[in-house]
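Below is one structure, written out as structure tokens; comments come after it.
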Amino acid sequence: MLAIIDYKAGNLTSVKLACDALGQASVITADPAVMRRATRIIFPGVGAAGSAMRHLQELGLVSVLREVIARGTPFLGICVGTQILFDFSEEDGGTDCLGVLPGRVTRFRPSDPRDKVPHMGWNQVRLRQTHPLLAGIADASDFYFVHSYYPQPACATDVLGVTDFAGVTFAAMVGRKNVAAVQFHAEKSGPVGLQLLANFAAWDGTLNPEI
Amino acid sequence: MLTRRIIPCLDVINRRVTKGVKFQNNVDLGDPVEMAERYYHAGCDELVVYDITASAERRPIDIQMVREVARVVRIPFAVGGGLANLEDMSRALLAGAEKVSVNSLAVLTPGIISDGARAFGAQCIVLGMDPVANPDRERFPSGYEVTTRGFRERTGRDAVAWAQEAESRGVGEIVVNSVDADGTRRGFQLDITRLIADAVRVPVVASGGAGCPRHLREAFEDGHADAAIVAGMLHSGEYTIARIKQELAAAGVPVRRMHATAE
């Protein structure tokens with residue numbers, strides 16, 4: 001069973017519908033027992049990092065998240081779910097995050113007024129590494145983004161794909177061991193996003209190229 | 001590079017997509033769920049579905065239709081019409097819409113924008129606005145007045161001032177409809193689109209008047225729009241999304257391509 005974590009950080013309908021479209025059984029949950037039993041976990045999120053972290057703490061989910069990640073459960077972060085995997089976000093006057101991945105999250109500060117923030121729409125992800133989640137996905141495929149802050153991983157080896165916007169090249173997809181995380185909305189990114197989710201639904205959480 | 005979005009618009013009356021000219025002489029075009037699915041597979045970047053008689057009939061938006069659209073498309077879509085309060089917005093979003101669009105309601109009760117942005121996130125809240133040219137520059141410094149109810153009622157508000165107020169209230173995106181161009185397929189009203197796009201820091205969508213790919217290019221290059229709505233030119237079968245994008249790409253406009261998977 002795939003668990004979609006509901007920590008009151010946004011609407012999970014489209015993630016659930018994408019799983020349904022793949023024939024992947026899923027459950028929307030905030031129950032630590034269900035999370036521990038899950039064979040894989042999607043950690044979505046929209047909105048602000050500060051309230052997302054607060055909700056996680058109030059629901060008592062921080063330690064169980066660390067536990068399932070440490071145990072090797074295949075784990076996929078999406079959007080704000082990705083951002084709060086890092087050490088720190090500038091958002092909401094500075095927010096300490098989960099520290100699963102080293103790095104911080106910064107706001108876009110475009111110098112050209114034609115670059116509107118949020119970064120909203122379809123943009124290309126240039127692949128920097130091979131990864132089981134990228135099987136069958138072409139380099140420079142377009143994915144759907146909606147965000148005002150972007151991850152800056154401290155380790156270049158965590159960067160799986162990058163995107164250009166507002167004068168910066170940012171990490172649009174990151175990964176380390178059983179954790180993969182995307183800044184774009186795979187669940188709203190058409191056939192290519194569905195391909196990534198299908199790859200996740202088949203992933204055992206290792207980086208063995210034989211999969 | 002961030003691509004310019006092409007957004008087909010489905011105007012729905014009694015569960016059927018219709019198309020009129022300047023909101024009149026509507027003709028039946030098909031089932032909204034089937035059309036949404038077809039345009040999704042054809043490569044549109046987003047969709048808008050308006051339940052255009054919901055408000056006049058004082059009923060909420062057709063939620064079953066929203067649910068069915070959400071089941072067949074894997075791209076963002078906005079819905080509008082019959083959203084009278086936060087509860088209506090919440091139901092539409094939970095049914096699978098990515099964005100909710102308000103127009104007349106926001107003019108009457110601008111607080112709905114701030115409340116919606118706070119409750120669901122700014123990126124969910126779209127303001128549709130219907131500006132018409134008004135030469136009274138003292139009252140309307142931009143030269144455009146906001147109207148409501150399908151351009152039938154004047155509001156006394158300047159179009160650019162209203163866009164800026166909506167932005168300060170946390171709106172995520174602004175759709176600029178133009179009555180003079182709507183349904184004519186003679187091109188967008190570039191003037192007011194550009195005035196608003198240059199006056200706000202949120203994305204602006206050009207709407208009303210698209211008849212050929214050149215009109216879309218004008219909306220992006222001269223109107224400074226981030227996205228453009230298309231209806232008649234697509235519904236009539238005269239153009240496909242692939243052809244529109246092909247012509248835009250050839251003219252140097254960045255568009256999303258449908259290279260779904262690698263070899």
Side-chain angles (χ1 to χ4, degrees), chain A residues 9-18 20-22 45-48 51 79-80 108 110 113-124 126-127 134-148 163-166 185-199, chain B residues 1-7 40-41 43-46 66-67 69-77 90 92-99 117-124 126 167 172-174 197-205 220 224-227 254-263:
Chain A
N11 182 359
L12 309 179
T13 309
S14 48
V15 177
K16 173 80 177 145
L17 288 172
D20 293 352
L22 292 168
V46 297
S51 58
C79 197
V80 170
F108 286 117
R114 293 265 350 246
D115 288 331
K116 304 287 181 84
V117 175
H119 174 222
M120 183 193 284
W122 299 79
N123 204 335
Q124 301 85 54
R126 299 199 309 278
L127 306 181
L134 293 168
I137 292 176
D139 186 28
S141 289
D142 288 298
F143 289 88
Y144 184 77
F145 291 83
V146 185
H147 61 125
S148 301
T163 294
D164 296 325
F165 179 68
H185 286 274
E187 76 282 13
K188 289 173 197 145
S189 290
V192 70
L194 215 52
Q195 176 70 51
L196 190 146
L197 292 172
N199 292 339
Chain B
M1 177 167 214
L2 183 61
T3 59
R4 301 288 176 218
R5 285 170 283 152
I6 313 299
I7 309 177
Y40 162 61
H41 288 293
C44 73
D45 301 317
E46 202 168 312
V66 178
R67 254 188 224 116
V69 171
R71 205 169 297 141
V72 296
V73 307
R74 300 268 74 80
I75 51 172
F77 69 99
S90 170
L93 295 169
L94 287 173
E98 162 83 1
K99 304 172 182 180
R118 220 173 4 250
F120 313 116
Q123 80 288 343
C124 293
V126 180
E167 180 187 27
E173 184 164 73
I174 297 175
D198 290 352
V200 298
R201 302 300 310 273
V202 296
V204 164
V205 183
F220 302 136
H224 296 180
D226 300 274
V255 290
R256 166 190 169 230
R257 306 300 213 116
M258 284 287 281
H259 46 56
T261 51
E263 289 303 307

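All chains are named by letter (A, B, ...) in the order of the sequence lines, taking the proteins before the strands, and each is independently numbered beginning at 1. What's counted below: heavy atoms across the whole structure, side chains too, no hydrogens, waters or symmetry copies.
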Considering all heavy atoms, the nearest [X]-[Y] contact:
X	Y	answer
B/Arg256	A/Pro191	NH2-CD, 4.2 Å
A/Asp142	B/Thr3	OD1-CG2, 3.9 Å
B/Phe220	A/Arg114	O-NH2, 3.7 Å
B/Arg201	A/Asp115	NH2-O, 3.5 Å
A/Leu17	B/Arg74	CB-NH2, 3.3 Å

Under 4.5 Å heavy-atom distance to chain A, tell me which part of [X] shows up: side chain, backbone, both or neither.
X	value
B/Ala117	neither
B/Asp45	both
B/Tyr40	side chain
B/Ala95	backbone

B/Glu46 and A/Tyr144: CA distance, side-chain angles, deciding distance, side chain to side chain contact (heavy atoms under 4.5 Å, CB included) verdict: CA-CA 10 Å; B/Glu46 202 168 312; A/Tyr144 184 77; 4.0 Å; yes
A/His119, part contacting chain B, at a heavy-atom distance under 4.5 Å: side chain
Region of A/Val117 in contact with chain B, defined by heavy-atom distances below 4.5 Å: backbone
Criterion side chain to side chain contact (heavy atoms under 4.5 Å, CB included) on B/Ile75 and A/Trp122, from CA distance to verdict: CA-CA 10 Å; B/Ile75 51 172; A/Trp122 299 79; 3.5 Å; yes
Results of salt bridge (Lys or Arg N to Asp or Glu O under 4.0 Å) for A/Asp164 - residues two or more places apart only: A/Arg126
Non-neighbouring partners of B/Arg71 that pass salt bridge (Lys or Arg N to Asp or Glu O under 4.0 Å), sequence neighbours left out: none
A/Asn11 side-chain N/O to B/Glu98 backbone N/O, donor-acceptor pair under 3.5 Å: no
Among the listed options A/Ala18, A/Pro118, A/Gly193, A/Ser14, the residue most often paired with chain B at heavy-atom distances under 4.5 Å: A/Ala18
Partner chain B: residue of A/Ala21, A/Ala48, A/Pro113, A/Pro110 with the largest heavy-atom pair count (under 4.5 Å): A/Pro113
Value rounded to 0.5 Å, distance of CE in A/Met120 from CZ in B/Arg5: 6.0 Å
Chain A contacts, top residue of B/Ala97, B/Ser90, B/Pro76, B/Gly121 (heavy-atom pairs, under 4.5 Å): B/Pro76
Winner by heavy-atom pair count (cut-off under 4.5 Å) against chain A, out of B/Val204, B/Val73, B/Leu94: B/Leu94
